[in-house]
Amino acid sequence: MTPRPDARALIVRVLDAYSWKSWDEPPVDRAEPGSQYAEELAAARAGSGYDEAVITGEGTLEGRRVAVVAGEFSFLAGSIGVAAAERLVTAIERATAERLPLLAAPSSGGTRMQEGALAFVQMVKITAAVVRHREAGLPYVVYLRHPTTGGVFASWGSLGHVTAAEPGALIGFLGPRVFESLYGYPFPEDVQVAENLYAHGLVDAVVSAEDAREIAIRALTVLCAPKTGLSRGPEPEEADGAVEAWDAIMRSRRDDRPGVRSLLKLGARDVTPLNGTGAGEYEPGLTLALARFGTAPAVVLGQDRTRQRAGAAFGPAGLRVARRGMRLAAELGLPLVTVIDTAGAALSKAAEEGGLAGEIARSLADLVMLDAPTVCLLLGEGAGGAALALLPADRVVSAQHAWLSPLPPEGASAILYRTVDFAPEIARAQGVGATDLKRDGLVDRIVPERPDAAYEPAAFCRRVARTLEYEIIGLLGRPAEDRLAARLSRYRSLGC
């Protein structure tokens, strides 16, 4: 098994060669001279080669200047006392002042017990420094290393915009040795490990140090992408002529129709998938990612119809993942692209008890009031509240065979006539197709399919991506207050 890198070795693997510059000053110890704690500190320094449990500094990542804070477990189990916390906070504040992205690589058993309560509450000031960094619109990327537990995991280890973890790493709040000592039996196996955290939507990736470099490069390419001075290019071509509603619905349901994952693969670049809510929920029916469409950066959140059909019905957790993406876009000032492609939300006891209706309402509220530029893409099916929750954007783009309806037409037919047989006629009467939606002010632009996205997936996805780039760049050129006012006016005046 390859040895896990210590803090310095990790920095060498992740940053550009010879770019590291330390920011550290000699720590001011709180140990009384001659005390047992002073002896422990001296032994830790001699044995580890580090002067404290964290090191800080800067370097470059693919030529981009970044700040780094990294924990070192070999120094008193990476525990955080006053001196280590002061070093961390000083570095975070410097990164904020110099407007640098911040990379954090914790490895720690938590609070330094030798310093007691005063060390314990250092996590408050570390958290405050991270929050101020994020509120300044600056990226914070975390790589959780073996082991990361206690107050470190419960503060600066859990606040990343993007969070990856070392394979097999022990990551948890209460360390297993402490748990067993307190309760007399061992903590369940395979719970506090990186892979289990990934399965529960708590981290975005489980990767080696070398792969962590590539993830950080891709993520920062989007998170730090320029938002001004972008060339918009010529206006994209639009679809000509109306499509019969029922024909569009049938085409949108084809198994081979490209979905959000195809769009990211064939039409986007610098894609960094994100995973789950970050709060213990994972939703395979909702894709969340950082990406660029041409030169335009975006947070992308899209419904994955294929996975929903495979048994992952779109439920409240999917909307909580979506709201994570909205918060990320708002905090970093990134454009948000929502992708609607769903046959409808989950109809189940779990969905009702999980707050599906409330999550639809909160998603609508967050999205319609979002400070960031927003573009909605109607990619295929658009049934019910699950679709509506991702709709209210500054600009709405529709594929030629996409549609939007309160229910699948079969459901509307069953309500009105107690049979599904009138679904085609109801679809036509309700005006669910792209052309009708544009006529009614719900859609701004229709992307052509030649003659069907399923027949030309690569060309179609590139066409959609070009349209998204055009719309995003157009929105970036407008003041935020003007965008929001126009968005609210648009939805206020619908149907009037």
Side chain Q192, main chain L170, donor-acceptor under 3.5 Å: no

Where T467 and R445 come nearest, the two heavy atoms and their spacing: CG2-CD, 3.5 Å

Spacing of CZ belonging to R64 relative to OG belonging to S19, to within rounding of 0.5 Å: 13.5 Å

Criterion side chain to side chain contact (heavy atoms under 4.5 Å, CB included) against L334, the qualifying member of I472, L476, L223: L223

Partners meeting side chain to side chain contact (heavy atoms under 4.5 Å, CB included) with R254 (sequence neighbours left out): D256, R257, D452, A454, Y455

L416 atom CG: more than 12 heavy-atom contacts under 6.0 Å: yes

E353/K349 salt bridge by N-O under 4.0 Å criterion: yes

Expected output: side-chain R145 to main-chain A105 donor-acceptor under 3.5 Å: yes

Over all atoms of both residues, closest heavy-atom pair of P258 and A453: CD-O, 3.6 Å

Sidechain-backbone polar pair: D444 side chain, V397 backbone, donor-acceptor under 3.5 Å: no

Minimum-distance pair of heavy atoms, taken over all atoms of V337 and F293: CG2-CE1, 4.2 Å

For the student: nearest non-hydrogen atoms of G380 and S252, plus distance: C-CB, 4.0 Å

Geometric class of the F422/Y417 ring pair [parallel <30°, tilted 30-60°, perpendicular >60°]: tilted

Salt-bridge contact R466-E469 (side-chain N to carboxylate O under 4.0 Å): yes

Side-chain (E410) to main-chain (A423) donor-acceptor, under 3.5 angstrom: no

Carboxylate-amine/guanidinium proximity below 4.0 Å for R450 and E456: no

Lys/Arg-Asp/Glu bridge criterion (N-O < 4.0 Å) met for R362, D366: no

